[in-house]
Amino acid sequence: MDSNKKKKRLRVGTFNVHGFANGRLEKTFDEICHLLGEANLDILGLQEASGALLPELVRKLGKDTYKLATKFGGTAILTRLPIVDNSTA
């Protein structure tokens with residue numbers, strides 16, 4: 001391996017955002033956006049993600065940074081990587 005080539009690491013994480021609310025049902029959307037932004041992930045999986053808030057989440061994280069790859073039944077995948085094909089088999 002060429003010692004001048006820098007190794008690239010793929011950072012992947014998954015989070016259950018509980019509908020963007022905490023255990024007391026207090027809205028925590030801005031807090032979650034901040035935490036996800038700080039995580040600096042290349043691929044981000046979300047569970048219990050409200051579909052209505054996903055476009056806003058992508059906007060807050062940086063629409064030029066993340067793309068919504070897929071969403072289904074409260075789950076979503078956001079990625080910084082190019083989306084080649086998002087069809088299902």
Asker: If you look at every heavy atom in Glu48 and His18, which pair is closest and at what distance?
Answerer: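 So the two residues come closest at OE1-CA, 3.7 Å.
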
Asker: Treat each ILVMFWY residue as a node, draw an edge where side-chain heavy atoms are under 4.5 Å apart, and state whether Leu54 and Leu61 are in one component.
Answerer: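 Cluster IDs for Leu54 and Leu61 match.
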
Asker: Taking Asp42 for its side chain and Val12 for its backbone only, find out whether a donor-acceptor pair lies under 3.5 Å.
Answerer: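 No; judged by distance alone, with no hydrogens or angles, the pair does not exist.
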
Asker: To check you understand the geometry: which heavy-atom pair defines the closest contact between Ala39 and Arg11, and what is its length?
Answerer: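 So the two residues come closest at O-NH2, 2.7 Å.
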
Asker: Is there a side-chain contact (heavy atoms from CB on, under 4.5 Å) between Phe15 and Ile32 once you walk through the steps?
Answerer: CA-CA 10 Å; Phe15 297 89; Ile32 290 170; over 6 Å; no

Asker: Is there a path from Ile77 to Leu53 through hydrophobic residues (I, L, V, M, F, W, Y) whose side chains come within less than 4.5 Å of each other?
Answerer: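 Ile77 does not cluster with Leu53.
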
Asker: To the nearest 0.5 Å, what is the distance between NZ (Lys60) and CG (Leu57)?
Answerer: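 With rounding to 0.5 Å, NZ (Lys60) is 9.5 Å from CG (Leu57).
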
Asker: According to a 4.5 Å side-chain heavy-atom criterion applied to Ile, Leu, Val, Met, Phe, Trp and Tyr, with indirect links allowed, do Val58 and Val17 form part of one hydrophobic cluster?
Answerer: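 Val58 clusters together with Val17.
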
Asker: Counting C-beta onward and ignoring hydrogens, is there a side-chain heavy-atom pair between Arg80 and Leu10 closer than 4.5 Å?
Answerer: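 They are not in side-chain contact.
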
Asker: When you compare the side chain of Leu36 with that of Leu78, does any pair of heavy atoms fall below 4.5 Å?
Answerer: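 SC-SC contact between Leu78 and Leu36 ruled out.
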
